[in-house]
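See structure below.
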Protein chains: 2
Amino acid sequence: MKYYSIGEAAARLNIPESTLRFYEKKGLLPIIERDEAGRRLFSEDQISLLVTVGCLKNTHMSISEIKQYIDWIIEGDSTIELRLEMMNNHKQDVLAEISLMNESLKGIEEKITRYTNRIQEALL
Amino acid sequence: MKYYSIGEAAARLNIPESTLRFYEKKGLLPIIERDEAGRRLFSEDQISLLVTVGCLKNTHMSISEIKQYIDWIIEGDSTIELRLEMMNNHKQDVLAEISLMNESLKGIEEKITRYTNRIQEALL
DNA sequence: ATACGACTTAAACCTTGGTTTAAGTCAAGA
DNA sequence: TCTTGACTTAAACCAAGGTTTAAGTCGTAT
């Protein structure tokens, strides 16, 4: 199986190496393998798990909640329902946050309209 | 003109008083009036400015950028074009962030589908 | 042989966005 | 009068999410 060094993984995921080390310390990189010299080896599975972590981070899940999710993955099939429930709840949170952003955007667009009109009027 | 105490303003805006004091310290509450005893007096204008600040915060504008916006408001009409440009740029940032969240949500929904299927299969 | 680049660690440091604390002022009601 | 509640301040504190630093270990190309 192909393995990536931390530098390669960082480049593929477009995040700093220091962040990958930080994530490992926080428990987000379970069962990470090492070579004889102690260097981390990222498998394809680790990379795709990190992509999932990226989705969760982009949608503002906290590191401690992501850790709970990872812990459940490690625990195995008995936690599938818990994981499903977590993802469903998170989806609702994200939809609510997107709604709030869209609502707030209306207030911003109103400012844009006002300022645009004021600039137009000033030209008359 | 009607004025609100910090407690009333906090209740109307549904944020802690300490946050209002913090915002003032950061320069987000310009020209705030005081009564003879030194207590803050929030006008209707201040409240509606704070509602705008809320829109900007909900869409993840940083406090220092919000301060720049407020400073331009204080500066007067000569900054309308700068404010318009800021709001237009911010709108684009917000739309990009919403897109990213929607993209990431797809990855989450994929998990939901997988877990749902696995639970269904386990029942066969 | 040695120097370089890529890796390792623990610990210190940083920013953001507040919240909490301690000590004090003031107005109003009992 | 005295206490209670709502306010004031400066400064300390906090959590999250990293980033940076310092010191060290490898493997490899010169």
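Every chain is numbered from 1 and lettered A, B, ... according to where its sequence line falls, protein lines coming before strand lines.
Contacts with DNA chain D (heavy atom under 4.0 Å) in residues 39-48 of chain B: Arg39(B), Arg40(B), listed by number. Listed by residue number, the members of residues 93-102 of chain A with any heavy atom below 4.0 angstrom from DNA chain C form an empty set.
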B/S/- contact track for nucleotides 14-23 of chain D, protein heavy atom under 4.0 Å:
---SBBB---
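Contacts of Ala37(A) classified as side chain to side chain contact (heavy atoms under 4.5 Å, CB included), with partners at least two apart in sequence or in another chain: Asp35(A), Arg39(A). Checked against side chain to side chain contact (heavy atoms under 4.5 Å, CB included), Ile74(B) has the following partners two or more places apart in sequence or in another chain: Pro30(B), Ile31(B), Ile70(B), Asp71(B). Partners of Lys106(A) according to the salt bridge (charged side-chain N to carboxylate O under 4.0 Å, His left out) rule, which considers only residues two or more places apart in sequence or in another chain, are Glu103(A). Under the side chain to side chain contact (heavy atoms under 4.5 Å, CB included) criterion, Ile119(A) pairs with Ile80(B), Glu81(B), Leu84(B), not counting sequence neighbours. In this view, Glu109(A) and Lys91(B) satisfy the side chain to side chain donor-acceptor pair (under 3.5 Å) rule, not counting sequence neighbours. Among residues two or more places apart in sequence or in another chain, the salt bridge (charged side-chain N to carboxylate O under 4.0 Å, His left out) test is passed with Arg118(A) by Asp77(B). Residues that satisfy the salt bridge (charged side-chain N to carboxylate O under 4.0 Å, His left out) test with Arg83(A), not counting sequence neighbours, are absent from this structure.
Here dT8(D) presents its C1' atom at 18 Å from CD of Glu33(B), a figure rounded to the nearest Å. One interatomic measurement links the two molecules: CD of Glu17(A) to C1' of dA6(C), which rounds to 8 Å at whole-angstrom precision. One can place CG of Leu20(B) at 11 Å from P of dG18(C), the figure rounded to the nearest angstrom. The distance from atom CD1 of Ile32(B) to atom P of dC7(D) is 13 Å, rounded to the nearest whole Å. The CG-P distance, from Leu56(B) to dG17(C), rounds to 12 Å in whole Å. Atom CD1 of Ile6(B) is separated from atom P of dC26(C) by 18 Å (rounded to the nearest Å). Atom CD of Glu36(A) is separated from atom P of dC7(C) by 15 Å (rounded to the nearest Å). Separating the CZ atom of Arg34(A) from the P atom of dG27(D) is a distance of 15 Å, rounded to the nearest angstrom.
A salt bridge links Glu17(B) with Arg21(B): the closest approach of a Lys/Arg side-chain nitrogen to an acidic carboxylate oxygen falls below 4.0 angstrom. A salt bridge between Arg40(B) and Glu24(B) is present, with a side-chain N of the basic residue lying under 4.0 Å from a carboxylate O of the acidic one.
Applying the ring pair (Phe, Tyr, Trp, His ring centres under 6.0 Å) test to pairs two or more places apart or on separate chains, none has a residue in residues 64-113 of chain A. Judged as a ring pair (Phe, Tyr, Trp, His ring centres under 6.0 Å), not a single pair has a partner in residues 93-124 of chain A (not counting sequence neighbours).
At the phosphate of dG17(C), neither OP1 nor OP2 sits under 4.0 Å from any side-chain N or O atom of Arg21(B).
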